[in-house]
Participant: 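One structure follows; several queries about it will come next.
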Amino acid sequence: MCVTAVESRPAGLLGASKSPSRRPLGARVKGFVALTKPRIIELLLITTVPVMFLAQQGVPDLGLVLLTCLGGYLSAGGANALNMYIDRDIDALMDRTSQRPLVTGMVSPRECLAFGISLAVVSTLLFGLTVNWLSAWLSLGALLFYVVVYTMILKRRTAQNIVWGGIAGCMPVLIGWSAVKDSLSWAPLILFLVIFFWTPPHYWPLSMKVKDDYARVGVPMLPVVASNKVVARQIVLYSWVMVGVSLLLTPLGYTGWFYTAVALVSGGWWLWEAHALQNRAKAEVTGAKLKEMRLFHWSITYVSLLFVAIAVDPFLR
């Protein structure tokens with residue numbers, strides 16, 4: 001695949017004065033863990049486990065939950081490591097990624113590549129041999145989509161990168177359901193769409209905050225190529241669709257009053273924040289007063305509340 005090259009910082013700025021193999025073992029271990037982006041994976045697991053409760057309509061087998069979480073962590077970790085390998089040139093130039101292990105020299109590119117591929121293979125086999133092969137192929141598909149379609153094709157070419165690249169982050173809901181059922185149905189597909197429409201308005205506020213970073217390396221995130229007014233309008237549009245889709249589970253019989261109440265209240269608050277951001281953008285507010293990170297932080301709370309409600313709802317019906 002063709003990837004746009006960006007001039008990296010001189011080696012001396014990467015903290016690579018001595019080879020990675022001579023670094024302290026503890027620091028090296030932390031470096032490899034950092035390659036998996038644990039904080040992002042926490043969010044992926046939040047959308048996996050509750051769907052298993054919904055599929056089971058109760059408490060799923062805890063051993064199955066553990067294996068699914070482990071497989072999901074290894075798969076997403078492998079995808080994130082390969083993402084860092086491919087993006088190491090621009091990571092060296094962006095403030096928010098300047099401390100990643102490849103940039104600092106804690107892990108070498110060859111080690112990162114081998115680590116990412118190994119996690120991909122191990123996670124696929126773990127899913128296939130201990131959970132089921134449908135979950136294994138869904139997991140592998142998510143990894144390949146994130147690495148190839150998003151990182152290698154979309155990220156540096158189109159402002160729609162996070163829209164379609166976000167499909168990889170939607171896959172955990174399908175994997176959680178298939179781990180229990182060994183099949184798919186409308187419920188996980190609806191939740192897939194919830195995460196699909198959640199991802200852009202979740203990520204665009206962060207992109208607004210660090211758009212100078214992306215502009216510096218030529219990555220056309222929407223806030224880089226469009227005004228705050230345009231970005232905020234898109235955020236509001238996606239937010240309304242997301243909340244509407246989240247309410248489809250109840251009329252189709254998958255959830256009851258508790259999930260519906262949580263979806264309405266949390267979704268209503270999301271829309272309030274989205275419209276508030278749009279109003280500030282229309283007023284041409286800039287800098288700290290734009291408060292774009294309010295919606296970013298709320299987006300994490302929103303998805304956590306929604307999926308906790310999914311897990312709790314079967315016990316209240």
Side-chain angles (χ1 to χ4, degrees), residues 4 6 37 39-40 42-43 46-47 87 90-100 150-151 154-167 169-170 193-247 262-307:
T4 304
V6 178
K37 300 182 184 177
R39 294 187 66 182
I40 293 178
E42 288 176 12
L43 196 58
I46 285 174
T47 63
D87 278 351
I90 62 175
D91 282 350
L93 300 173
M94 296 175 64
D95 292 337
R96 63 184 292 265
T97 56
S98 62
Q99 295 303 308
R100 285 181 173 175
Y150 172 66
T151 306
L154 297 176
K155 184 174 181 178
R156 307 193 194 192
R157 288 178 171 84
T158 173
Q160 293 294 303
N161 46 22
I162 201 65
V163 175
W164 300 106
I167 288 175
C170 304
L193 290 175
V194 170
I195 299 300
F196 178 81
F197 289 110
W198 169 86
T199 302
H202 157 70
Y203 197 79
W204 281 334
L206 175 62
S207 299
M208 294 169 79
K209 179 74 173 179
V210 299
K211 66 180 179 181
D212 290 342
D213 251 2
Y214 284 119
R216 185 183 308 125
V217 297
V219 174
M221 289 294 178
L222 185 61
V224 173
V225 301
S227 68
N228 287 342
K229 292 180 184 179
V230 172
V231 178
R233 184 167 62 245
Q234 289 293 307
I235 286 173
V236 168
L237 176 62
Y238 276 87
S239 298
W240 273 100
V241 176
M242 175 198 71
V243 173
V245 171
S246 73
L247 297 173
V262 173
L264 283 170
V265 173
S266 59
W269 187 260
W270 174 298
L271 293 174
W272 175 274
E273 290 289 350
H275 279 279
L277 176 60
Q278 184 182 34
N279 290 336
R280 292 191 292 272
K282 284 182 177 179
E284 299 185 352
V285 173
T286 58
K289 292 184 178 180
L290 184 59
K291 299 179 182 179
E292 67 277 5
M293 292 300 286
R294 282 174 59 99
L295 184 59
F296 173 77
H297 292 305
W298 171 249
S299 69
I300 298 173
T301 303
Y302 168 81
V303 82
S304 300
L305 290 173
L306 195 73
F307 278 81

Participant: Is the centre of the Trp204 ring less than 6.0 Å from the centre of the Tyr238 ring?
Facilitator: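 Judged by ring-centre distance (under 6.0 Å), Trp204 and Tyr238 do meet the cut-off.
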Participant: May I ask you to say whether Asp213 pairs ionically with Arg96, meaning some side-chain N is under 4.0 Å from a carboxylate O?
Facilitator: no
Participant: If you define the side chain from C-beta out and look only at heavy atoms, does anything of Met208 sit under 4.5 Å from Ile235?
Facilitator: yes
Participant: Are Asp87 and Arg100 within salt-bridge range, i.e. N to O under 4.0 Å?
Facilitator: no
Participant: Kindly say whether Val285 contributes a backbone atom to a donor-acceptor pair with the side chain of Arg280 at under 3.5 angstrom?
Facilitator: no
Participant: To the nearest 0.5 Å, what is the distance between CH2 on Trp298 and NE2 on His202?
Facilitator: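 So the gap between those two atoms works out to 14.0 Å.
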Participant: Rounded to the nearest 0.5 Å, what separates atom CG in Leu206 from atom NZ in Lys211?
Facilitator: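 If we round to the nearest 0.5 Å, Leu206:CG and Lys211:NZ are 13.0 Å apart.
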Participant: Considering non-hydrogen atoms only, spot the tightest contact between Lys155 and Pro220 and give its length.
Facilitator: O-CD, 3.4 Å
Participant: Give the C-alpha distance, both sets of side-chain angles, the deciding distance and a yes or no for side chain to side chain contact (heavy atoms under 4.5 Å, CB included) between Ile90 and Arg216.
Facilitator: CA-CA 9 Å; Ile90 62 175; Arg216 185 183 308 125; over 6 Å; no
Participant: With a 6.0 Å cut-off on ring centres, are Trp198 and Tyr203 close enough?
Facilitator: no
Participant: State plainly whether the residues Lys229 and Glu284 are in salt-bridge range, i.e. N to O under 4.0 Å.
Facilitator: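 Here Lys229 pairs with Glu284 in a salt bridge, since their nearest N and O are under 4.0 Å apart.
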Participant: If you measure from CE on Met94 to CD on Gln99, what distance do you get to the nearest 0.5 Å?
Facilitator: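 CD of Gln99 is found 13.5 Å from CE of Met94.
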Participant: CG of Asn161 to OG of Ser207: how many Å apart, nearest 0.5 Å?
Facilitator: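 It is 8.0 Å, given to the nearest 0.5 Å.
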Participant: Have a look at Val217 and tell me which of Leu93, Val224, Thr97 forms a side-chain contact (heavy atoms from CB on, under 4.5 Å) with it.
Facilitator: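 Only match with Val217 under side-chain contact (heavy atoms from CB on, under 4.5 Å): Leu93.
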Participant: Is any side-chain heavy atom of Ser246 closer than 4.5 Å to one of Tyr302?
Facilitator: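 SC-SC contact between Tyr302 and Ser246 confirmed.
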Participant: Going through the distances and angles, do Ile162 and Tyr150 end up as a side chain to side chain contact (heavy atoms under 4.5 Å, CB included)?
Facilitator: CA-CA 8 Å; Ile162 201 65; Tyr150 172 66; 4.1 Å; yes
Participant: Within this structure, what is the CG-CD1 distance for the pair Leu43 and Ile195, rounded to the nearest 0.5 Å?
Facilitator: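 Taking CG in Leu43 and CD1 in Ile195, the distance rounds to 7.5 Å.
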Participant: Using the side chain to side chain contact (heavy atoms under 4.5 Å, CB included) rule, take Ile167 and Thr199 through it: C-alpha gap first, then chi angles, then the decisive distance, then the call.
Facilitator: CA-CA 9 Å; Ile167 288 175; Thr199 302; over 6 Å; no
Participant: Any pair with a residue in residues 195-209 that passes salt bridge (charged side-chain N to carboxylate O under 4.0 Å, His left out), sequence neighbours left out, goes on the list, sorted by first then second residue, please.
Facilitator: none
Participant: Could you walk me through whether Gln160 and Leu154 pass the side chain to side chain contact (heavy atoms under 4.5 Å, CB included) test, one step at a time?
Facilitator: CA-CA 8 Å; Gln160 293 294 303; Leu154 297 176; over 6 Å; no
Participant: How close do Pro205 and Met293 get, counting heavy atoms only, and between which atoms?
Facilitator: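 Closest heavy-atom pair between Pro205 and Met293: O-SD, 4.2 Å.
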Participant: Taking Arg233 for its side chain and Gln278 for its backbone only, find out whether a donor-acceptor pair lies under 3.5 Å.
Facilitator: no
Participant: Between side-chain atoms of residues 268-275 and protein atoms elsewhere (two or more places apart, or another chain), which donor-acceptor pairs fall under 3.5 Å?
Facilitator:
unit_1 : atom_1 : unit_2 : atom_2 : d
Trp270 : NE1    : Ser239 : OG     : 2.5
Glu273 : OE1    : Arg294 : NE     : 3.3
Glu273 : OE2    : Arg294 : NH2    : 2.7
His275 : NE2    : Trp240 : NE1    : 2.9

Participant: Side chains of Leu277 and Lys291, heavy atoms from C-beta outward: is any pair under 4.5 Å?
Facilitator: no
Participant: How close do Ser266 and Leu305 get, counting heavy atoms only, and between which atoms?
Facilitator: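 Smallest interatomic distance, heavy atoms only, reads CB-CD1, 4.5 Å.
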Participant: Indicate the atoms forming the closest heavy-atom contact of Ile46 with Ser304, along with that distance.
Facilitator: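 Where Ile46 meets Ser304 most closely, the heavy atoms are CD1-OG, 3.8 Å.
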